[in-house]
Amino acid sequence: MEQPIQELAKGLSIGIIMDGNGRWAKRRGMPRTAGHKKGAEVFQDITRYCNQLGVESVTFYAFSTENWRRPQDEVGAIMKLFGEYLVKAFDYQKENNRVVFLGDRSVLEPKHQKLMNEIEEKTAANTGMTLNIAVNYGGRPEIVRAARQLAQLVKEGKLEPQDITEEMMSDHMYTRGQKDPDFILRPSGEKRLSNFMLWQAAYSELVEMDVLWPDFTRADLDAAILEFCHRSRRFGGV
Ligand code: FPP
């Protein structure tokens, strides 16, 4: 018999690529931004559910470094939504979440940057689930950033190139100190990582699901966790 979902979910680290918002809206004859609005509601509900399940960390891909290529009104609408949820994010204090933002925030609106810094500071000592939100994030830029930071230490004579280890690289990612994702979930039927957690995903299982993100439910997360638990992870061994 299958164990209760709580037991299976406890301590997991999950990455989620929130995909399919545009298609969801198009199918309903609505503007793409309506899909993002519903997607943001699902983001909040799935965050709450992950808390209830005892998940260790969950990372949501909210906006990639490539998403700036979208029409200006769509980018503006996503950023506006993000801002609204930043204000709401103070709710997560109640849930004892540690909130961490992944990505280069320096080009975001100053008021958003201020809120992001405040939320991170206020939740830093929380002992519950870690909620990572990736905004203006790309896996390759994250690796370049880590390489630059280590190169700087070499330049300053504090580090020898041959002493650079994988652990040091991990420590220079935005997810410093966190467990790598056990699985990465991509709804909407696509089978790509799209520059998401490239360093951290080395041994993550990929779980793709044929549901658009705005339709994604708690039962879908249960199904994803069950699928992950049925996979056999060998980490390169036998
Ligand atoms: C991908 O679907 C979704 C995005 C690029 C934006 C996701 C943003 C949110 C859910 C809202 C803001 C974030 C937070 C954390 C509140 P798509 O538009 O690529 O869908 P498509 O592939 O069907 O076009």
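One is the number of the first residue; the rest follow in order along the sequence. Note that ligands are numbered from 1 as they come in the structure, with each ligand's atoms numbered from 1 the same way.
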### Query
For Gly35, does its backbone N or O pair with a side-chain atom of Trp24 as donor and acceptor, under 3.5 Å?
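No: the side chain of Trp24 does not pair with the backbone of Gly35.
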
### Query
Short question: side chain of Asn195, backbone of Gly139 - any donor-acceptor pair under 3.5 Å?
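Such a contact is found between Asn195 side chain and Gly139 backbone.
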
Looking only at protein heavy atoms, which one is nearest to [atom], and what is the separation?
atom                    : answer
atom 1 (C) of ligand 1  : Met18 O, 3.0 Å
atom 13 (C) of ligand 1 : Ala62 CB, 3.8 Å
atom 4 (C) of ligand 1  : His36 CE1, 3.9 Å

#### Entry: From Phe43, Trp68, Phe82, residue fulfilling ring-ring contact (aromatic ring centres under 6.0 Å, His included) relative to Phe63
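Among Phe43, Trp68, Phe82, the one that satisfies the ring-ring contact (aromatic ring centres under 6.0 Å, His included) with Phe63 is Trp68.
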
### Query
Are Trp199 and Ile16 connected in the hydrophobic side-chain network, where two residues link if heavy atoms are under 4.5 Å apart?
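No, separate clusters.
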
### Query
Rounded to the nearest 0.5 Å, how far apart are CG of Asn126 and CD of Glu95?
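That separation rounds to 10.5 Å.
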
### Gap separating the CE atom of Met197 from the CD1 atom of Ile17, nearest 0.5 angstrom
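Here the rounded value is 10.0 Å.
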
### Query
Counting heavy atoms only, which of Pro187, Pro214, Gly20, Ala77 is nearest atom 2 (O) of ligand 1?
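Result: the heavy atom closest to atom 2 (O) of ligand 1 is in Gly20.
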
### Query
Which is closest to atom 19 (O) of ligand 1 by heavy-atom distance: Arg23, Glu190, Arg32, Arg70?
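Among Arg23, Glu190, Arg32, Arg70, the closest heavy atom to atom 19 (O) of ligand 1 belongs to Arg70.
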
### Query
Is Asn67 in polar range of ligand 1, meaning some N or O pair under 3.5 Å apart?
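N/O-N/O distance under 3.5 Å: no.
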
### Query
Hey, is ligand 1 close enough to Asn21 that some N/O pair sits below 3.5 Å?
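Min N/O separation from ligand 1 is below 3.5 Å for Asn21.
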
### Message
List ligand 1 atoms under 4.0 Å from Tyr85, heavy atoms only on the residue side.
### Response
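Going through ligand 1 atom by atom, the ones under 4.0 Å from Tyr85 are 16 (C).
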
#### Entry: Gly39: numbered ligand 1 atoms lying under 4.0 Å from its heavy atoms
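Near Gly39, meaning under 4.0 Å from one of its heavy atoms, ligand 1 has 10 (C).
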
### Task
Please state whether the rings of Phe196 and Tyr61 are parallel, tilted or perpendicular, taking 30° and 60° as the class boundaries.
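Rings of Phe196 and Tyr61: parallel, as their planes differ by under 30°.
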
